[in-house]
Every structure is written in structure tokens, then in C-alpha cells.
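Lettering follows sequence order; numbering is per chain, from 1.
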Amino acid sequence: MYALADCNNFYATCERIFHPQFSSKPIIVLSNNDGCVIARSQEAKDLGIRMGQPVFQCRDVIRKNNVVVCSSNYALYEDMSRRVVSSILHFIPEVEIYSIDEVFFDLTPVADCDLEIFCRKIQSTVLKWTGIPVSIGIGPTKTLAKLANRVAKKDSLAGSVYRFPVRDLDRRRVLAATPIDEIWGIGRQWAKRFKQVGVDTAWEVVQMRTADIRSHFNVTVMRTAMELSGIPCENIESNPAQRRSLVRSRSFGRMVTRWEHMSQAIASHAIRAAEKLRSEGGVAGRLAVFIQTNRFRKDLPQYCVSGSCELLPPTNTTPVILKEAAAIGHGLWKEGFQYKKAGVMLSEISFGETQSTLFSDRDHEHDAKLMQVMDLINVKMGSDTLHPAASGVDRRSWSMQQGSRSPRYTTRWDELPKTS
DNA sequence: TCTGGGGTCCTAGGACCC
DNA sequence: TCTGGGGTCCTAGGACCC
């Protein structure tokens with residue numbers, strides 16, 4: 001049996017923990033640049049504020065209902081997430097961290113216990129230790145655990161923990177009550193295709209012949225269908241597969257029209273990407289840079305391009321990546337457009353021993369030492385304490401906007417919560 | 001005026017090989 | 001008039017997830 005623990009309204013809950021005065025108010029958290037709504041408390045959901053909705057579209061609702069608006073604070077959410085996971089690890093030896101607010105685990109080690117009572121114990125402990133309410137779904141496959149989790153959240157009788165039923169009749173009832181587009185792995189496009197062939201619920205998916213699903217869809221959808229009928233196709237991945245690519249990108253706070261600013265932004269993304277790669281001990285064999293205008297401004301000329309180059313030998317050295325990124329970016333740059341976004345992608349990532357090259361003029365030992373010192377200083381004194389000048393000193397003309405970010409209460413000494 | 005960021009997997013089609 | 005069969009590798013694009 002599998003379980004999925006999912007934090008309720010995670011980002012909104014994190015904000016509330018440190019601002020108890022918001023506990024009864026509707027509260028939303030915005031994406032980077034304060035653009036879209038990416039998390040809502042129950043009260044905000046009840047007001048009809050949609051997930052992913054641009055915030056300017058719901059200004060009226062926000063004003064009329066005194067909705068509390070927060071910029072996103074990932075330093076805080078990531079640290080709270082870590083605390084939730086370590087609380088769960090007190091009960092179960094291995095978990096799969098599926099996302100910042102979801103954890104899968106295998107219940108085989110505790111098969112003798114009453115699984116619901118066991119999960120309720122986890123639930124109450126996480127709440128006590130972190131302040132975060134979690135809902136837990138239990139099922140014979142990950143897809144069914146996910147489905148059970150949805151019931152745990154919606155059904156007030158479930159009390160935040162729900163086990164997918166064993167009896168055929170109950171099984172059928174729960175599956176029939178699950179609309180096609182709420183199944184994990186079935187998004188908008190597949191849901192549309194299912195509806196076209198007259199399939200609207202999870203129960204109807206289970207009734208289909210696998211061969212028919214395979215021919216109408218693909219193997220991913222077929223696996224989902226099998227999981228719905230109780231045949232596991234996915235295991236718990238407690239050792240996450242090593243990453244294959246890494247992206248750092250941001251929309252600009254204001255439109256960028258000068259190469260000077262664009263080059264700073266590209267440099268800054270390249271620096272962050274290389275830093276992240278080093279922190280994981282990888283090297284990249286390919287580098288790509290992209291720049292874009294604002295796709296929502298149909299009235300403005302659009303320009304959306306990317307370029308890439310091989311990194312030989314594969315590297316994680318900032319100056320090397322920086323130099324290549326600047327060259328690619330400069331090749332893409334065209335005057336006369338208003339740019340909205342830029343980013344850097346590292347791919348063909350490998351770990352451990354890598355093939356060297358005969359004709360390199362770089363002193364790799366020296367590079368490694370330099371990067372180590374730079375990373376050490378930035379970890380100790382705060383990120384960006386030491387950085388190449390290419391990313392600029394005054395970044396106001398392109399850096400993102402965050403009107404109301406809460407302090408990084410749990411990860412910065414100078415932002416600790418104060419009591420009086 | 002204002003619209004996020006970061007990933008994975010699968011498939012089809014083209015280039016190329018013998 | 002009539003022009004094969006069987007592979008691999010790479011890339012772009014589409015789907016999904018949070």
C-alpha cells in the first residue's frame with residue numbers, strides 16, 4: 001500500500017504560521033514578479049479566485065474582501081517543506097519527495113498496523129511540530145493514493161485521512177465520483193480526448209480495454225489506467241534520479257530594451273545555474289540561452305529565440321559558462337524589441353568522472369579551487385555576496401518585482417521573527 | 001498597466017548507416 | 001513500367017506534473 005501526504009494550501013499556510021493575524025482572512029500567494037495567483041487559502045478559493053489567474057484580473061475581489069496578498073517567499077517554503085519531510089521520516093524510513101508539498105511513502109514496513117490510525121498519527125505530529133495541516137491518501141497504487149488524497153481533502157467525514165476502499169461497490173462509487181480531468185496524469189488535452197470517446201469518469205477508464213487506451217492515447221495514459229484499476233506501474237523513488245537539465249530564468253520587472261541590461265540578466269542566470277549545478281556536483285555538456293518579448297502584448301512586435309553551444313569538456317565553471325552565454329546572447333540580440341524574459345539552460349548533465357579533452361587551455365584545478373572559495377563565501381555570507389561584475393551592480397532596470405515578501409524567518413539570522 | 005518557473009517522458013519524423 | 005528492409009540517433013513538439 002502507498003500513501004501520499006499533501007500539505008493543505010501549502011504556501012498560504014506557511015504565510016499564516018508566521019502571521020497568525022491572517023488566520024481567518026482570505027490569503028493568496030503570487031508567482032515571481034507578483035504576476036499570477038499560485039496559492040490560495042480556502043477562504044480565497046471560496047471567493048472564486050482561480051489557480052494561475054493573473055492578479056490584475058482579480059483586483060476587485062481582492063479589494064472588496066480584504067484579501068491578504070503575499071509575494072512568494074521560496075526560502076521560507078522550502079525550509080518549511082524540509083521540516084514536514086523530516087517529521088514524516090520519524091515514522092517511516094524512506095519517502096519520495098514528489099514536490100515541495102507532497103510526499104509519497106510505502107506502507108509495507110507498517111503493514112501490521114491499522115494504516116488509517118498510523119497515518120492519523122503522522123498527520124497530527126506534523127501539525128504539532130510544523131503547524132502545517134497535511135491530508136493523507138492511502139491506496140494500492142500511487143495513482144489511487146493520489147485519488148484518495150483528493151477525497152481526504154474534499155470529504156469532511158474523512159478527517160484528512162482516507163483509504164481507497166477495498167469493497168467492489170465502494171471502489172466503484174469513489175471512481176465514478178472522480179471526473180476524468182481530476183485523475184493524476186490526465187490533463188486538459190487527454191481529458192478532451194477521453195470525453196470525445198464518451199469517457200467522463202475514472203470508473204469508465206477502468207472499464208476500457210487496455211488495447212483501446214493504447215491505441216487512442218499513449219503508454220503513459222495506459223499506465224495511469226492500469227494504476228486506477230489497482231495494478232502498480234510506479235514505485236516509490238526514494239533516491240531521486242539525477243537531474244538531466246537545469247534552467248534559470250525570470251521575467252523582467254520592466255521591459256528591457258538595452259543590451260546592457262539584457263546581458264546583465266543573462267549573466268545573472270548563468271551564474272545562478274552554474275552555482276546550482278556545482279552544489280549538486282554535476283557538469284553540463286550543453287548550454288542554451290533564450291530571450292523573449294511579451295507574448296501577451298499582441299500589439300507589439302514579437303521576437304522569441306534561443307541558441308545553444310556545446311561545452312567541451314563538460315563544465316560547471318562560472319567564467320566558462322558566463323563567457324559562452326554572453327556570446328550566444330549577443331548573437332540572439334536584436335535592437336528595437338521590448339524584451340520580457342530571458343533564461344539559461346544547462347543540459348547533457350553528468351555526474352562523477354567525465355571525459356576530458358586534449359586541447360584545453362584551462363587550468364581545471366585552479367578553476368575548481370576558485371569556484372569552491374566563491375561558493376563558500378556566498379553560502380556563509382549570503383548568496384550574491386561575491387559575484388562576477390557581468391551581472392551588474394544596479395539591477396533595478398530589470399530585476400523582478402516583489403511588492404510584499406515576508407521575511408525569511410527560518411533561514412536568515414537577521415530576519416528571525418521577533419517577540420515582545 | 002499588469003500574465004511564473006522548473007522539471008519529466010513520449011512520439012513522430014528526418015538524417016544517416018549498411 | 002518496375003526502385004528494399006532494417007536499424008540507430010537526434011530533435012522538436014506535445015503532453016503532463018507541481
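Using a 4.0 Å heavy-atom criterion, one finds that A:K340 contacts the sugar-phosphate atoms exclusively. Within 4.0 Å (heavy atoms only), A:R188 reaches sugar-phosphate atoms of the nucleic acid but no base atom. Nucleic acid contact class of A:N32 (heavy atoms, under 4.0 Å, all strands): sugar-phosphate only. Among the atoms of the strands shown, only primed sugar atoms or phosphate atoms (P, OP1, OP2) are found under 4.0 Å from some heavy atom of A:R223. Counting non-hydrogen atoms under 4.0 angstrom, A:K146 reaches the backbone sugars and phosphates but no base. Note on A:R214: only backbone sugar-phosphate atoms sit closer than 4.0 angstrom, heavy atoms only; bases stay farther off. In this structure, A:I97 reaches neither bases nor backbone, as no heavy-atom distance under 4.0 Å exists between it and the strands shown. In this structure, A:S245 reaches the sugar-phosphate backbone alone: every heavy-atom distance under 4.0 Å involves primed, P, OP1 or OP2 atoms, never a base. Residue-level contact check: A:I100 touches neither bases nor backbone, having no heavy atom under 4.0 Å from any strand. When heavy atoms are screened at a 4.0 angstrom cut-off, A:D34 is found touching no nucleic acid atom at all. Note on A:L30: nothing from the nucleic acid sits closer than 4.0 angstrom, heavy atoms only. As judged by a 4.0 angstrom heavy-atom cut-off over every strand, A:Q53 is placed among residues making no nucleic acid contact. At the heavy-atom level, A:R297 lies under 4.0 Å from the strands shown only through sugar-phosphate atoms.
Counting only N and O atoms by type, the side chains of A:N9 and A:K45 include a donor and acceptor under 3.5 Å apart. Side-chain N/O atoms of A:N378 and A:S383 include no donor and acceptor closer than 3.5 Å. A donor-acceptor pair shorter than 3.5 Å can be found between the side chains of A:S238 and A:E94. Side chain to side chain, A:E15 and A:S406 meet the donor-acceptor criterion of an N or O pair below 3.5 Å. Between A:D79 and A:T410, the side chains place a donor N or O and an acceptor N or O closer than 3.5 Å (distance only, hydrogens not considered).
Two residues, A:R244 and A:S251, neighbour DNA chain B, and the one matched to the more 5' nucleotide by heavy-atom proximity is A:S251. The nearest heavy atom of DNA chain B to A:T220 and to A:M255 marks one nucleotide each, and the one closer to the 5' end goes with A:M255.
A cation-pi arrangement is present between A:K142 and A:F104 under the rule of less than 6.0 angstrom and at most 45 degrees off the ring axis.
Protein chain A contacts DNA chain C over a range whose 5' and 3' limits, counting nucleotides with an atom under 4.0 angstrom from a non-hydrogen atom, are C:dA15 to C:dC18.
Atom NE2 of A:H387 is surrounded by more than 12 heavy atoms from other residues, nucleotides or ligands within 6.0 Å.
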### Message
Dot-bracket for DNA chain C, please. Rules: Watson-Crick or G-U, both distances under 3.5 Å, ( ) within the strand, [ ] when a pair crosses earlier ones, | for another strand, . otherwise.
### Response
....||||||||||||||

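For A:F105 and A:Y98, the ring centers sit 6.0 Å or farther from each other.
The aromatic rings of A:F18 and A:Y409 lie parallel to each other, with less than 30° between the two planes, well short of the 60° mark.
The two residues A:H90 and A:S86 come nearest to each other via the heavy atoms ND1-O, 3.0 Å.
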